[in-house]
Protein chains: 4
Amino acid sequence: MIRGAVALFKEKGFHRTTTREIAKEAGFSIGTLYEYIRTKEDVLYLVCDSIYEEVLERLSALPTQAGTLEGLKIAIRHYYLLVDEMQDEFIVMYQESKSLSKDELNYVLNKELEMVAIFENILHACRKSGECKLSEDAVKLAAHHLVVQGQMWAFRRWGLHHDIKIEEFIKVQTTFFLQGIQGNGGKA
Amino acid sequence: MIRGAVALFKEKGFHRTTTREIAKEAGFSIGTLYEYIRTKEDVLYLVCDSIYEEVLERLSALPTQAGTLEGLKIAIRHYYLLVDEMQDEFIVMYQESKSLSKDELNYVLNKELEMVAIFENILHACRKSGECKLSEDAVKLAAHHLVVQGQMWAFRRWGLHHDIKIEEFIKVQTTFFLQGIQGNGGKA
Amino acid sequence: MIRGAVALFKEKGFHRTTTREIAKEAGFSIGTLYEYIRTKEDVLYLVCDSIYEEVLERLSALPTQAGTLEGLKIAIRHYYLLVDEMQDEFIVMYQESKSLSKDELNYVLNKELEMVAIFENILHACRKSGECKLSEDAVKLAAHHLVVQGQMWAFRRWGLHHDIKIEEFIKVQTTFFLQGIQGNGGKA
Amino acid sequence: MIRGAVALFKEKGFHRTTTREIAKEAGFSIGTLYEYIRTKEDVLYLVCDSIYEEVLERLSALPTQAGTLEGLKIAIRHYYLLVDEMQDEFIVMYQESKSLSKDELNYVLNKELEMVAIFENILHACRKSGECKLSEDAVKLAAHHLVVQGQMWAFRRWGLHHDIKIEEFIKVQTTFFLQGIQGNGGKA
DNA sequence: AATGAATGAGATTTCATTCAT
DNA sequence: GATGAATGAAATCTCATTCAT
């Protein structure tokens, strides 16, 4: 059901997708759909939750080379490939989550923070091992920065994909980021 | 009318805002609203268009110090302050524009590209003057990068604003970006 | 609208009557119906309220011969004729009011008490003038008794109307009631 | 099952009670419920029927002192106590029976007439023995009167129970009724 | 015999849009 | 020009009933 709903939400947005369409796409009747959910919003919640689960699971499964730039590069690469692979899901997740109820939105934003935290941890490790020059305070922002750069690949597909391919994108952005966290502030 | 609509869209989203509410907020009747627009979607289009107009106008009004890093810094600063000032507008613009019709969306995405182009031009100038080391190909991506980083301030307010203030954010991000476009790829 | 709704509720009951039917019967569209009401239950509330208003108004308009049995008889007669005339309304009022919300039900029960109070006042006056032998405590119950006897004409039409006509009914019940409040307890 | 259904109907009314709830309350599955009934309305029919059966059975079990006022008093007392004990059942029976199909409603109204007939018979006996002065024609109406007065205890609990207790109610109403059927029309 | 997942007709309610005044 | 009452298509959600297991 969730796969089908993602596809529909991607195509028409949450509000323009009807519960009947969701049911049909999932292969059962409207009545059966409502055996599994209570309200239409539940579908959105399930969709967002399941996407985050998959993303977090796959990011957590990374071989950790704690504290090395190499490990960071691998993590970035994994994440960017994930965004590439799950473009539709990422777009739905960020464009529609605003329609969740307050509680559900908070829950989902926490998942987002978990995602950010994965990179925070990697950056902290690099900081401790001296492989990057970020200040303690800058780590969190850098992690957000990294996460947003990945999402950019999904959100700006219309402006990027016909100029550059994913591998090149990863390479450029990774270089960019590493310079950002290592350079001397552009003053040398 | 547009101001009122932005406020409503921000609060409840485009779909949950009724035309009655838009008319009321604007201070005239539903009948009169339909003297100005043809469909509800027109309101969204007008909103997006007006926001882009304002952003582009204010960005274009920059004192250009073509080809210097100083000029780039000033432009970044202006843009980020603009995002800060127009947070609601930015959020609405990017979260709701998906509800536009194909044609309208294309029109709006062109405006977005104009915005990107402003930074592309600045970066090109810096490249020519030798003040930055970006390759020709990398300029466009870097401009997107810059634009997205600014939007981040609006979209991630929930995760950023209580950790960092706008001035500090501008400083860190500017440094970051300048290192990114000048450094040696983190290999030194 | 209210007249139409009473007819429908009488025929099919509140729950089996659809909002579309109510709108159609009232001569406007479903959309227009919802300009006047917020929920279907509002229709029931309006119906009950309007019936009570009419009943109370017509009962209050009685020429009062305070404190005489003659005045009491006139009141009873008026009330019974009212029940006869508004049979459908009485049946709807008492059979469907249970579907009102707690607050609305309380409001409606208060109207019922007002109706009872009209007879309480008449009986109190008779008591003071010595025209009836009821004890102070028995007045309220006697008033309820009277009101219920009237309703009986509407509720038991299936069992009564082909044995007895309204005028005869009024005569017998009035006699009955007057004996009840004047007799010596059946012990003479 | 019937006990559970009465409780549910009392609490929420027939229409607001779902078949799932009826099954659950009865302790078996919805599938099994439909082994015993054909439609939801059957439940209502069974409920009404079973209540009437119980009422009639218990009223018939009275020690008959045919033709005496004492016997009549005992019958009234039994009936009123029955109403008190089975308040919920009485309320459901009279408020929901309108939802029965025509045939079922007729069947149920016949049971109601049987109930009335019990009192008719007692009153006829009293008439023949000279213990009451009712005319032949008035007997049926008096019986209805008596039955309705008892129901009043259930239907008007909200207006009566905190002013008067059941024993006092029985006493007053019995006296009232006996005066009604014995007095001289309030003309003495 | 018992179960409960599946069905889908049908109910309430909303709201963009029109048009007579 | 301005209004807002009226419209009705369309959306969400419920629930009596069935039937394969």
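Quick note on labels: first sequence line is chain A, next is B, and so on, each numbered from 1. In this text the structure is predicted, and so the values were computed from the model without any measurement.
When the P atom of F/dA11 is taken as reference, atom CD of A/Glu21 falls 7 Å away, rounded to whole Å. As a whole-Å value, the separation of A/Ile22 CD1 from F/dA10 C1' is 15 Å.
Under the ring-ring contact (aromatic ring centres under 6.0 Å, His included) criterion, A/Tyr34 pairs with no residue, sequence neighbours left out. Residues satisfying the side chain to side chain donor-acceptor pair (under 3.5 Å) test with C/Glu104, not counting sequence neighbours, are C/Ser101. Every residue meeting the side chain to side chain donor-acceptor pair (under 3.5 Å) condition with B/Gln87, not counting sequence neighbours, appears here in chain and number order: B/Asp84, B/Arg157. For the side chain to side chain donor-acceptor pair (under 3.5 Å) test, residues two or more places apart in sequence or in another chain that qualify with A/Tyr94 are A/Glu112, A/Gln151. When the side chain to side chain donor-acceptor pair (under 3.5 Å) test is applied to D/Glu54, the partners found at least two apart in sequence or on another chain are D/Arg3, D/Arg58.
Among residues at least two apart or in separate chains, side-chain hydrogen bond (donor to acceptor under 3.5 Å, both in side chains) pairs with a member in residues 17-31 of chain B are B/Lys12-B/Glu21, B/Thr18-B/Glu21, B/Arg20-C/Glu35, B/Ser29-B/Thr32. Sorted by first then second residue, the salt bridge (charged side-chain N to carboxylate O under 4.0 Å, His left out) pairs that include residues 40-52 of chain D, not counting sequence neighbours, are C/Arg16-D/Glu41, D/Asp49-D/Lys111.
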| field | Contact pattern, 5' to 3', of nucleotides 12-21 of chain E - B, S or - by protein heavy atom under 4.0 Å | value | BBBSBBB---
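Using a 4.0 Å heavy-atom criterion, one finds that D/Tyr36 contacts no nucleic acid atom at all.
Between D/Phe14 and D/Phe9, the two ring planes are perpendicular [angle over 60°; tilted spans 30° to 60°].
The terminal axes of the helix from E/dA2-F/dT21 to E/dT21-F/dA2, fitted over 5 pairs per end, subtend an angle of 0° to the nearest 10°.
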